[in-house]
Amino acid sequence: MPELPEVETVVRTLRPRVVGRRIQAVRAMSRFVAPQPLDGVVGRTILTVERAAKHILLVLDAGFLCIHLGMTGTLRAGAEPGPYTRAVFQLDQGVLIYDDPRQFGRIEYALEIPPRVRRLGPDAHQIPFEEFWKKLAARRGRIKPLLLDQRFLGGLGNIYTDEALFRARIHPLAVAGRLGRRRALRLHTAIVEVLGEAIELGGSSISDYVDAEGRAGTFQIRHRVYGRTGEPCVVCRTPVRRILVAQRGTHYCPRCQRP
DNA sequence: ATCTATTCCTGGCTGC
DNA sequence: TGCAGCCAGGAATAGA
């Protein structure tokens, strides 16, 4: 599932392939992925490609093409259309293919940056500790749902939330505002480190994820708790436990991450 | 503010 | 082998 490191990798691999290119035609095959017409992008030039949390923002000479990969979305330059192709962008040089089997992704064209992007909290990989600590201390809810809340912090999803909490030795149900400065600092460090390491390895490829060149990431082999239910904790050999938190599968070590 | 449940979608899995 | 049923989950949404 594309989270911050995967989206960052897509943006980095996409950039050299599309910046300066002119969009000559667009074909949207899914009303679910593209609920509004995308015709406005035709004739526009791609100025830059930016990441806003998990959103990909193609800044055009007029307006913005905003793409969210959802769970199974891929955006590939110079690829061939397949059975799950939901949108095709014909460029003056090359083509951009959006594939998405489960259609949880969204493509939107607007003259202004869409509200869903404006509402995003600070970037999980960029937020300074003092700001993180201040925001955290004001919250009474559980830490995991809070980290998943894109208005609180942008970019974390289920995988990296579980991995960061494990590294920081914090229970997913711990109350955010009661973590204390020491544990908050551990958590902030863990978030920044796990995201940085994942970006270095091109993200995690669990099922569908590939970058704009079609290459899979390799960070999944470094996962310590996510998808390791029942396997021994890499630190203490206690079996990794899976519980449900806010309707999400949550993986943690019951010994390293005490309540 | 915070929580729960629901909705979108379909490949892949389980169990019979 | 075939098929029904369920699960995975990001984010919006409704309702408590």
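These numbers were taken from a predicted model, which means no experiment stands behind them.
Taking the side-chain contact (heavy atoms from CB on, under 4.5 Å) definition, one finds that A/Pro114 meets it with A/Cys66, A/Glu108, A/Arg116, A/Val117, sequence neighbours left out. Scanning for side chain to side chain donor-acceptor pair (under 3.5 Å) contacts around A/Gln103 gives A/Ser30, with sequence neighbours left out. With sequence neighbours left out, A/Gln93 forms a side-chain contact (heavy atoms from CB on, under 4.5 Å) with A/Arg21. Every residue meeting the side-chain contact (heavy atoms from CB on, under 4.5 Å) condition with A/Gln220, not counting sequence neighbours, appears here in chain and number order: A/Ser204, A/Ser205, A/Ile206, A/His223.
Among the heavy atoms of the strands lying under 4.0 Å from A/Tyr84 are primed sugar atoms or P, OP1, OP2 only; no base atom is included.
Residue A/Arg86 forms a side-chain contact (heavy atoms from CB on, under 4.5 Å) with just one option from A/Ile97, A/Ile107, A/Asp100, and that option is A/Asp100.
In this model, a donor atom of one side chain and an acceptor atom of the other lie less than 3.5 Å apart for A/Asp99 and A/Thr85.
Salt bridge annotation for A/Arg12-A/Asp211: absent, with no cationic side-chain nitrogen under 4.0 angstrom from a carboxylate oxygen. A/Glu213 has a carboxylate O that lies under 4.0 Å from a charged side-chain N of A/Arg17, or vice versa, which qualifies the two as a salt bridge. No salt bridge links A/Arg51 with A/Glu6; every basic N to acidic carboxylate O contact stays at or beyond 4.0 Å.
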Under 3.5 Å between N/O atoms: give me all the protein pairs with nucleotides 14-16 of chain C, atom names plus distance.
none

Are there any protein N/O atoms within less than 3.5 Å of an N/O atom in nucleotides 9-12 of chain C, and if so, which ones and at what distance?
| residue | atom | partner | partner atom | Å |
| --- | --- | --- | --- | --- |
| C/dG9 | OP1 | A/Asn158 | ND2 | 3.2 |
| C/dG9 | OP1 | A/Tyr226 | OH | 3.2 |
| C/dG9 | OP2 | A/Gly249 | N | 3.3 |
| C/dG10 | OP2 | A/Arg248 | NH1 | 3.2 |
| C/dG10 | O3' | A/His68 | NE2 | 3.4 |
| C/dA11 | OP1 | A/His68 | NE2 | 2.6 |
| C/dA11 | OP2 | A/Lys54 | NZ | 3.0 |
| C/dA11 | OP2 | A/Gln150 | NE2 | 3.3 |
| C/dA11 | N7 | A/Arg248 | NH2 | 3.3 |

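Among residue pairs with one or both ends in residues 177-196 of chain A, those qualifying as ring pair (Phe, Tyr, Trp, His ring centres under 6.0 Å) are A/Phe129-A/His188, A/Phe132-A/His188; sequence neighbours excluded. Sequence neighbours left out, the pairs with a member in residues 66-106 of chain A that pass ring pair (Phe, Tyr, Trp, His ring centres under 6.0 Å) are A/His55-A/His68. The ring pair (Phe, Tyr, Trp, His ring centres under 6.0 Å) contacts involving residues 232-259 of chain A comprise A/His171-A/Tyr252, A/Tyr226-A/His251, where partners must be two or more places apart or lie in separate chains.
Ranked by how close their nearest DNA chain B nucleotide is to the 5' end, A/Ala246 and A/Arg86 are led by A/Ala246.
Two residues are said to be in side-chain contact when any heavy atoms from C-beta on lie closer than 4.5 Å; A/Val234 and A/Val225 fail this criterion. Looking at A/Ile159 and A/Glu3, their side chains come closer than 4.5 Å, going by heavy atoms from C-beta outward.
A/Val194 approaches A/Ala164 most closely through the heavy-atom pair CG1-CB, 4.2 Å.
A nucleotide of DNA chain B counts as in contact with chain A when one of its atoms lies under 4.0 Å from a heavy atom; the first and last such, 5' to 3', are B/dT2 to B/dG11.
For the segment residues 130-146 of chain A, the set of residues with a heavy atom within less than 4.0 Å of an atom of DNA chain B comprises A/Arg139, A/Arg140, A/Gly141, A/Arg142, in numerical order.
Five base pairs at each end of the helix from B/dT2-C/dA16 to B/dC16-C/dG2 define two local axes, and these are offset by 50° (rounded to 10°).
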